Novice: 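There's a structure below that I have some questions on.
In each ligand, atom 1 is the first atom listed, and ligand 1 is the first ligand listed. Just so it is clear, the model here is predicted, and its values are computed rather than measured.
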Amino acid sequence: MKYVIGIDLGTGSVKALLVDQEGKVRCESSRSYPLLHEQPGFSEQEPEAWVDQTVECLRALVRESGVEPKEIEGISFSGQMHGLVLLDEQGNVLRPAILWNDTRTTAQCRAIESKLGPKLYQITKNAALEGFTLPKIIWVQEHEPEVWGKAAVFLLPKDYLRYRLTGKLHMDISDAAGTLLLDVMRKQWSREICDTFGIDMSLCPPLAESLDFVGCLLPEIASRTGLAPDTKVYAGGADNACGAVGAGILRKGDALCSIGTSGVILSYEDREKDFTGNIHFFNHSQPDGYYAMGVTLAAGYSLDWLKKTIAAGESYEDFLSKVSEAPAGAGGLLFTPYLVGERTPHADSVIRGSFIGLDGSQRREHLVRAVMEGITFSLHESVELFRGAGVEVGKIVSIGGGAKNDVWLQMQADIFQAPVVKLNNEQGPALGAAMLAAVGCGWFDSIAECADRFVGYDRQFEPDPKRAAVYRDLFGIYQSIYTSTRDLNRRLQAYR
Ligand SMILES: Nc1ncnc2c1ncn2[C@@H]1O[C@H](COP(=O)(O)OP(=O)(O)O)[C@@H](O)[C@H]1O
Ligand SMILES: O=C(CO)[C@@H](O)[C@H](O)COP(=O)(O)O
């Protein structure tokens with residue numbers, strides 16, 4: 001039997017999957033690493049921790065699977081997007097990586113908008129948001145000129161990991177799309193944007209397609225992990241592109257709802273398309289494909305927060321067991337999931353969450369239901385932006401924590417007013433990465449052919465007309481909470 005490995009370098013942990021030619025997961029392994037919050041709004045990580053924990057993960061995978069290393073043909077990657085890793089001439093890391101959920105760069109975003117005007121959108125197809133890479137580069141230029149002076153190249157998290165595993169410098173296009181330095185339609189670095197911000201083109205690494213072969217493992221990495229040195233390494237993709245690959249989102253009309261720590265609504269696009277309301281438009285890992293995506297920053301994070309706050313130590317199953325006893329609309333209680341600010345449709349790092357409509361008759365299950373509904377309403381704002389732009393949102397594949405609970409899956413169908421389906425063996429972006437390796441190794445002619453073998457669907461949830469009508473009414477009230485609480489949150493900011 002032959003195998004491939006898919007590695008997902010997430011924000012909290014790295015996960016590696018060993019997958020056979022039928023798409024069966026033979027073994028999996030995961031290791032976590034810390035987030036560093038040196039100041040409010042800062043979110044950083046030590047790139048060395050990614051490398052150490054990935055090596056540990058791979059060593060465990062090889063040892064525990066009992067598979068012969070020479071049977072493992074290829075490796076590919078998925079990774080948290082946007083994080084800035086700066087290297088000097090010798091390839092040494094110059095400072096901790098500044099991550100996608102770091103919000104220090106509001107001033108730099110405004111500067112990008114005023115210097116580039118409409119060109120920003122024409123070239124990058126995206127808006128200037130704190131999470132993206134270019135504002136982080138400008139922040140380093142302004143606040144750490146001595147670091148910037150030594151910078152020879154910038155990378156994204158999984159591209160740095162791949163560099164350390166192979167010694168080869170590349171950035172894959174699906175991830176480069178999230179830097180605000182890529183001409184998304186031409187798939188090349190934008191000289192105009194680089195020149196505007198004093199970024200020498202030599203700082204931009206060579207670009208690769210997700211399926212490209214980029215090299216083999218360094219001998220030192222092979223001996224530390226137990227893998228064979230001639231294991232082939234393929235470029236890989238952004239975690240959302242790989243999540244889409246792993247869920248079979250590969251054709252026009254395919255849509256994905258992913259509720260992890262953050263939440264994403266993603267629609268496959270086969271050509272250039274204009275969106276409003278902070279919908280991102282990125283290159284897919286599928287050659288010549290794209291995807292549009294709206295992001296709720298605190299999706300599963302909001303439910304985790306409530307669980308930690310009122311039910312610490314309980315399992316998710318117990319915590320959610322009574323949710324169906326509360327009616328749709330949670331007895332008039334609405335929640336906005338802005339615990340760390342928001343991205344879509346409101347790019348706002350100052351806004352914070354609310355419970356509106358608390359009533360003495362409400363019980364714990366009303367609060368839990370309101371939080372699940374609020375997260376789903378927030379994602380529905382993206383669904384509506386897609387529909388407003390003429391995208392036909394038909395069936396939505398649901399993945400992540402939000403797909404582990406049937407009440408939540410039904411709620412998604414009722415709020416999105418679309419059928420929602422779950423996968424029969426969901427493995428998230430790591431499976432997408434493994435699929436890129438499988439296609440790279442030549443096991444399949446295309447990602448779609450691989451998906452036919454590797455991706456299977458389970459139960460489908462249809463919208464219930466009565467609940468869908470309740471949610472349609474409540475959605476209007478939900479949407480007005482943002483405008484009603486924006487100014488209040490600006491005034492409260494000083495007290496945080
Ligand atoms: N059994 C469950 N039912 C519903 N939601 C869950 C369950 N388990 C986890 N979650 C939610 O899903 C989120 C984690 O999803 P996951 O896909 O594992 O996240 P990530 O990709 O960010 O690591 C948690 O924040 C939690 O809110
Ligand atoms: O910022 C984005 C996408 O634009 C996030 O989706 C990151 O890519 C983080 O991924 P997780 O580690 O939460 O899966």
Novice: Report the relative orientation of the aromatic rings in Phe282 and Tyr291; use parallel for angles under 30°, tilted for 30 to 60°, perpendicular for over 60°.
Specialist: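 Phe282 vs Tyr291 ring planes: perpendicular.
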Novice: What atoms of ligand 1 come within less than 4.0 Å of a heavy atom belonging to Gly400?
Specialist: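 Here the atoms of ligand 1 in question are 17 (O).
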Novice: Please confirm whether His82 comes within less than 3.5 Å of ligand 2 when only nitrogen or oxygen atoms on both sides are compared.
Specialist: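 Yes: some nitrogen or oxygen of His82 is under 3.5 Å from one in ligand 2.
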Novice: At under 4.0 Å between heavy atoms, is it the side chain or the backbone of Asn240 that contacts ligand 2, or both, or neither?
Specialist: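 Just the side chain.
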Novice: Looking at non-hydrogen atoms alone, which of Gly300, Ser258, Gly260, Gly428 comes nearest to atom 14 (C) of ligand 1?
Specialist: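 That would be Gly260.
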Novice: Pick one of side chain, backbone, both or neither for how Leu320 approaches ligand 1, counting any non-hydrogen atom pair under 4.0 Å.
Specialist: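 Only the side chain of Leu320 comes within reach of ligand 1.
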Novice: Please state which option from Tyr316, Tyr301, Trp305 has its nearest heavy atom closest to atom 26 (C) of ligand 1.
Specialist: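 Comparing heavy atoms across Tyr316, Tyr301, Trp305, the nearest one to atom 26 (C) of ligand 1 lies in Tyr316.
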Novice: Any carboxylate oxygen within less than 4.0 angstrom of a Lys/Arg side-chain nitrogen, looking at Arg164 and Glu48?
Specialist: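 Result for this pair is yes, salt bridge flagged.
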Novice: Are Glu426 and Lys404 close enough for a salt bridge, meaning some N to O gap below 4.0 Å?
Specialist: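 Not counted as a salt bridge, because no side-chain N and carboxylate O are separated by less than 4.0 Å.
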Novice: Give the contacting part of Asp239 toward ligand 2: side chain, backbone, both or neither, where contact means a heavy-atom distance below 4.0 Å.
Specialist: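 Side chain only.
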Novice: Hey, is ligand 2 close enough to Gln80 that some N/O pair sits below 3.5 Å?
Specialist: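 Such a contact does not occur with ligand 2.
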Novice: Quick one: does Trp408 get an N or O within less than 3.5 Å of an N or O on ligand 1?
Specialist: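 Min N/O separation from ligand 1 is not below 3.5 Å for Trp408.
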Novice: Do the two ring centres, one from Phe132 and one from Trp139, sit under 6.0 Å apart?
Specialist: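 Ring-ring flag for Phe132/Trp139: false, centres at least 6.0 Å apart.
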Novice: Give me the nearest non-hydrogen protein atom to atom 5 (N) of ligand 1 as residue plus atom name, then the distance to 0.1 Å.
Specialist: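 The closest heavy atom on the protein side is Gly401 O, 3.2 Å.
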Novice: Which atoms of ligand 2 are found less than 4.0 Å from any heavy atom of Met81?
Specialist: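 Answer for ligand 2: 3 (C), 7 (C), 8 (O).
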Novice: If you have a sec, work out which protein heavy atom is nearest atom 1 (O) of ligand 2 and how many Å separate them, to one decimal?
Specialist: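 The closest heavy atom on the protein side is Arg343 NH2, 2.8 Å.
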Novice: Under 4.0 Å from any heavy atom of Thr261, which atoms of ligand 1 are there?
Specialist: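 Going through ligand 1 atom by atom, the ones under 4.0 Å from Thr261 are 19 (O), 20 (P), 22 (O).
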Novice: Purely on distance, is any nitrogen or oxygen of Thr11 under 3.5 Å from one on ligand 2?
Specialist: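 So ligand 2 has an N or O lying under 3.5 Å from an N or O of Thr11.
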Novice: Determine, using heavy atoms of Glu317 and all atoms of ligand 1, whether some pair is separated by less than 4.0 Å.
Specialist: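 A heavy atom of Glu317 does come that close to ligand 1.
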Novice: Considering heavy atoms of the protein only, find what lies nearest to atom 9 (C) of ligand 2 and give residue, atom and distance to 0.1 Å.
Specialist: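 Going atom by atom, the protein heavy atom closest to atom 9 (C) of ligand 2 ends up being Trp100 CE2, 3.2 Å.
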Novice: Take Asp304 and Lys307 through the salt bridge (charged side-chain N to carboxylate O under 4.0 Å, His left out) test and state the conclusion after the steps.
Specialist: CA-CA 5 Å; Asp304 261 346; Lys307 184 165 143 351; 5.8 Å; no
Novice: Just need the protein heavy atom nearest to atom 24 (C) of ligand 1, so name the residue and atom and give the distance.
Specialist: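 Among all protein heavy atoms, the one nearest atom 24 (C) of ligand 1 is Asp304 OD2, 3.6 Å.
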Novice: Taking the six-membered ring of Tyr457 (Phe, Tyr or Trp), confirm whether the NZ or CZ of Lys395 is under 6.0 Å from its centre and within 45° of its axis.
Specialist: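 Geometry flag: set, cation within 6.0 Å and 45°.
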Novice: Counting the benzene-type ring for Trp, do His284 and Tyr290 have ring centres under 6.0 Å apart?
Specialist: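 Between His284 and Tyr290, the centre distance exceeds or equals 6.0 Å.
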Novice: Given 3.5 Å as the limit, does a donor-acceptor pair link the side chain of Thr124 with the main chain of Asn126, or not?
Specialist: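 Side chain of Thr124 to backbone of Asn126, a donor-acceptor pair under 3.5 Å: yes, one is there.
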Novice: With heavy atoms of Asn405 as the reference, note each atom of ligand 1 found under 4.0 Å away.
Specialist: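 Result: 3 (N), 4 (C).
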Novice: I need the atoms of ligand 1 closer than 4.0 Å to a non-hydrogen atom of Leu303, numbered in the order shown.
Specialist: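 Matching atoms, with element in brackets: 27 (O).
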Novice: Given 3.5 Å as the limit, does a donor-acceptor pair link the side chain of Asp8 with the main chain of Asp239, or not?
Specialist: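 No; judged by distance alone, with no hydrogens or angles, the pair does not exist.
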Novice: Hey, can you tell me if Trp50 and Tyr33 have their rings parallel, tilted or perpendicular (30° and 60° cut-offs)?
Specialist: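 It falls in the perpendicular class, over 60°.
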Novice: Show me which atoms of ligand 2 lie under 4.0 Å from any heavy atom of Met293.
Specialist: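 Counting from 1, the qualifying ligand atoms are 3 (C), 4 (O).
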Novice: Quick one: are Arg343 and Thr296 in side-chain contact, heavy atoms under 4.5 Å?
Specialist: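 With C-beta onward as the side chain, the pair stays apart.
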Novice: Got the closest protein heavy atom to atom 18 (O) of ligand 1, with its distance?
Specialist: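 Minimum-distance protein heavy atom for atom 18 (O) of ligand 1 reads Lys404 NZ, 4.1 Å.
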Novice: Please state whether the rings of Tyr471 and Phe377 are parallel, tilted or perpendicular, taking 30° and 60° as the class boundaries.
Specialist: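 Rings of Tyr471 and Phe377: perpendicular, over 60°.
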Novice: Just by distance, do the side chain of Glu381 and the backbone of Pro345 share a donor-acceptor pair under 3.5 Å?
Specialist: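 Looks like no, no N/O pair under 3.5 Å.
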